[in-house]
S.K.: 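Sharing a structure, written as structure tokens. Questions coming.
Hydrogens, waters and symmetry mates play no part in the numbers below; they use all other heavy atoms, side chains included.
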Amino acid sequence: MDILRPALVNIDGRIYRRNAVKEETYEEEEDFAYVGPPETEELAEDEACDSQHIEQTDKGFRCAIDVPSVLYKYIIGKKGETRRRLESDTKTSISIPKPGVEGQIVITGSQRAAVSSAVTRVEVLVESFRRKQPFTHFLSFALNDPQIQEGFLRFKDEVLEQCSQDHGVEGSVFQNPAKLHLTVCTLALLNDMEVVKACECLQECQNFIRDITEGKPLPLEVTGIEYMNDDPAMVDVLYAKVNVKDRSEKLQVIADRLVDHFVSAGLMVREWDKVKLHGTVMNTLYRKDSTAEDVGGPGRQAMKEREAFDARNILKNFGAYHFGEFDLNAVRLSQRYSSDCTGYYTSAGNINFS
């Protein structure tokens with residue numbers, strides 16, 4: 001870590017420095033230090049937490065925090081070291097549900113400032129390790145309309161017929177036609193409560209989406225292909241280009257506003273200024289592994305050695321390939337590693353354009 005440029009974590013407008021702990025302390029654990037006043041034996045008032053309600057009880061003060069059970073271990077630490085350190089530093093008691101049991105972490109103490117300080121430190125830990133969790137869901141526009149699937153299968157057959165001699169081009173790198181889609185954003189929803197919150201957040205987007213689409217399905221055309229990296233001879237992802245038939249930016253505007261709303265709701269962290277909408281048709285993640293997925297989550301895909309393919313002839317022969325046209329009528333909250341009766345990802349929720 002560059003000590004002059006430490007990693008920072010923003011929790012409710014307060015900035016905290018993240019310090020890596022030596023591996024022997026806990027293999028997944030990191031410690032977090034507040035960037036603020038000098039260390040004293042008294043708890044700093046600036047460390048007070050405004051995001052949680054602290055109630056007064058007969059014995060002092062109490063605060064309950066909703067934390068997904070998968071994150072408990074980061075608050076507990078190896079052999080309970082993290083929890084004991086937090087309790088010792090803040091002079092509080094931290095009660096954590098049993099592993100796998102969803103509930104609230106309850107912090108109690110004799111001083112409001114002490115409880116507030118402990119809440120802040122727990123939130124910093126939770127926020128940091130939440131970002132390291134693999135995503136579980138994603139917002140998607142389905143491209144698995146029968147006409148598009150038919151066009152994709154023709155594309156696959158023709159590519160294999162004409163370009164199978166090119167390095168890395170084989171049937172296993174093609175997308176499953178039933179799962180053709182555009183990814184809007186990825187989400188790590190760690191318990192049922194967070195899935196419900198995401199569904200509610202999606203429903204809140206219905207009015208602005210219908211204002212943009214005028215309450216009608218959005219006519220789209222899927223034409224042309226493009227690649228992700230700089231060298232067409234060493235490609236990992238080849239995607240189809242999707243446009244609104246009237247050449248408007250309606251689909252892009254919907255995607256960007258969806259991300260804005262989910263970021264403001266605290267359900268995701270913004271990674272890009274603008275959503276890059278692309279319908280993956282070939283991806284080396286799929287090579288020899290039918291369970292691999294590409295749902296467009298930057299930095300979230302499994303790190304595995306990938307064998308690129310030479311796409312130069314594909315781009316030359318199929319650069320303007322027409323997959324088909326269809327009317328898009330929904331955005332879905334899709335569950336990763338799942339399939340419904342159509343073969344598409346199982347939906348936890350959706351809203352229609354019309």
S.K.: Please step through side-chain contact (heavy atoms from CB on, under 4.5 Å) for the pair Tyr74 and Ser128, ending with a clear verdict.
M.R.: CA-CA 10 Å; Tyr74 303 117; Ser128 177; over 6 Å; no
S.K.: Just so I know, are the side chains of Glu123 and Val126 near enough to count as touching, which here means a heavy-atom distance under 4.5 Å?
M.R.: no
S.K.: Given the rule that I, L, V, M, F, W and Y join up when any side-chain heavy atoms are under 4.5 Å apart, are Leu153 and Val222 in one cluster?
M.R.: yes
S.K.: Hey, quick one: are Val196 and Leu202 part of the same hydrophobic cluster, counting side-chain heavy atoms closer than 4.5 Å, chains of contacts allowed?
M.R.: no
S.K.: Would you mind reporting whether Tyr286 and Ser172 have side-chain heavy atoms less than 4.5 Å apart?
M.R.: no
S.K.: Looking only at side chains, do Tyr239 and Lys276 share a donor and an acceptor under 3.5 Å apart?
M.R.: yes
S.K.: With hydrophobic residues grouped by side-chain heavy-atom distances under 4.5 Å, do Tyr72 and Phe129 end up in a single group?
M.R.: yes
S.K.: Does one hydrophobic cluster hold both Leu277 and Val244, with members joined at side-chain heavy-atom distances below 4.5 Å?
M.R.: yes
S.K.: Mind checking the CD1-CD1 spacing from Ile212 to Ile254? Nearest 0.5 Å is all I need.
M.R.: 5.0 Å
S.K.: Specify the closest pair of heavy atoms between Ala311 and Val235, including all atoms of both residues, with the distance to one decimal.
M.R.: CB-CG2, 3.7 Å
S.K.: State, to 0.1 Å, how close Arg112 and Phe61 come at their nearest heavy-atom pair, and which atoms those are.
M.R.: N-CD1, 3.3 Å
S.K.: Does any part of the side chain of Ser339, heavy atoms only, come nearer than 4.5 Å to the side chain of Lys179, both counted from C-beta?
M.R.: yes
S.K.: Please give me the minimum heavy-atom distance between Thr342 and Ala178, naming the atom from each residue.
M.R.: O-CB, 3.8 Å
S.K.: Do other residues, nucleotides or ligands put more than 12 heavy atoms under 6.0 Å from Met193 CE?
M.R.: no
S.K.: Does atom CD (Glu55) have a neighbourhood of more than 12 heavy atoms from anything else shown, all under 6.0 Å?
M.R.: yes
S.K.: Would you give the length of the straight line joining atom CZ of Arg306 to atom CG of Asp236, rounded to the nearest 0.5 angstrom?
M.R.: 4.0 Å
S.K.: Can you tell me if Gln335 uses its side chain to pair, donor with acceptor, with the backbone of Tyr345 under 3.5 Å?
M.R.: no
S.K.: Enter the distance from Arg332:CZ to Leu139:CG here, rounded to the nearest 0.5 Å.
M.R.: 12.5 Å
S.K.: Has the side chain of Ser88 got a donor or acceptor atom that lies under 3.5 Å from a matching backbone atom of Arg84?
M.R.: no
S.K.: I'd like to check Val159 versus Phe174 (side-chain heavy atoms, cut-off strictly below 4.5 Å). Are they in contact?
M.R.: yes
S.K.: Within a 6.0 Å radius of atom CG on Asp211, are there more than 12 heavy atoms belonging to other residues, nucleotides or ligands?
M.R.: yes
S.K.: As a quick check of understanding, evaluate side-chain contact (heavy atoms from CB on, under 4.5 Å) for Val115 and Thr108, giving each step before the final call.
M.R.: CA-CA 6 Å; Val115 172; Thr108 56; 5.7 Å; no
S.K.: Report whether Ile54 and Val122 are members of the same hydrophobic cluster (ILVMFWY, side-chain heavy atoms less than 4.5 Å apart, transitive linking).
M.R.: yes
S.K.: Starting at CG of Asn243, measure out to CD of Glu221 and round the result to the nearest 0.5 Å.
M.R.: 6.0 Å
S.K.: Using 30° and 60° as the class limits, which term best fits the ring planes of Phe138 and Phe135: parallel, tilted or perpendicular?
M.R.: perpendicular
S.K.: Is it true that the NZ or CZ of Arg257 lies under 6.0 Å from the centre of Phe208's six-membered ring and within 45 degrees of the ring axis?
M.R.: yes
S.K.: Let me see the working for Phe141 and Val184 under side-chain contact (heavy atoms from CB on, under 4.5 Å), right down to the final yes or no.
M.R.: CA-CA 8 Å; Phe141 299 129; Val184 177; 3.6 Å; yes
S.K.: Please step through side-chain contact (heavy atoms from CB on, under 4.5 Å) for the pair Asp166 and Phe309, ending with a clear verdict.
M.R.: CA-CA 8 Å; Asp166 295 337; Phe309 62 91; over 6 Å; no
S.K.: Leu125 and side chain to side chain contact (heavy atoms under 4.5 Å, CB included): which single residue from Leu71, Ile75, Thr120 fits?
M.R.: Ile75
S.K.: For the atom pair CD1 (Ile209) and CD1 (Ile351), what is the distance rounded to the nearest 0.5 Å?
M.R.: 3.5 Å
S.K.: Are Glu194 and Asn191 packed together at the side-chain level, in the sense that at least one heavy-atom pair is separated by less than 4.5 angstrom?
M.R.: yes
S.K.: Can a donor-acceptor pair be found between the side chains of Ser140 and Tyr344 at a distance below 3.5 Å?
M.R.: yes
S.K.: Are Arg130 and Leu190 side-chain neighbours, meaning at least one heavy-atom pair lies under 4.5 Å?
M.R.: yes
S.K.: Do Glu325 and His322 have side chains that approach each other closer than 4.5 Å (heavy atoms only, starting at C-beta)?
M.R.: yes
S.K.: For the atom pair CG (Leu238) and CD (Gln175), what is the distance rounded to the nearest 0.5 Å?
M.R.: 12.0 Å
S.K.: Please give me the minimum heavy-atom distance between Thr136 and Leu189, naming the atom from each residue.
M.R.: OG1-N, 2.9 Å
S.K.: Sequence neighbours left out, cut at 3.5 Å: what donor-acceptor pairs do the side chains of residues 258-268 make with other protein atoms?
M.R.:
unit_1, atom_1, unit_2, atom_2, d
Asp260, OD1, Arg270, NH1, 3.2
Asp260, OD1, Arg270, NH2, 2.8
His261, NE2, Glu204, OE1, 2.7
Ser264, OG, Asp260, O, 3.3
Ser264, OG, His261, O, 2.8

S.K.: With the side chain counted from C-beta on, respond yes when Pro134 and Arg336 share a heavy-atom pair under 4.5 Å apart, and no when they do not.
M.R.: yes
S.K.: Please report the closest heavy-atom contact between Ala308 and Thr284, naming both atoms and the distance.
M.R.: CA-CG2, 3.9 Å
S.K.: What are the two closest heavy atoms between Arg154 and Tyr321, and how far apart are they?
M.R.: CB-OH, 3.2 Å
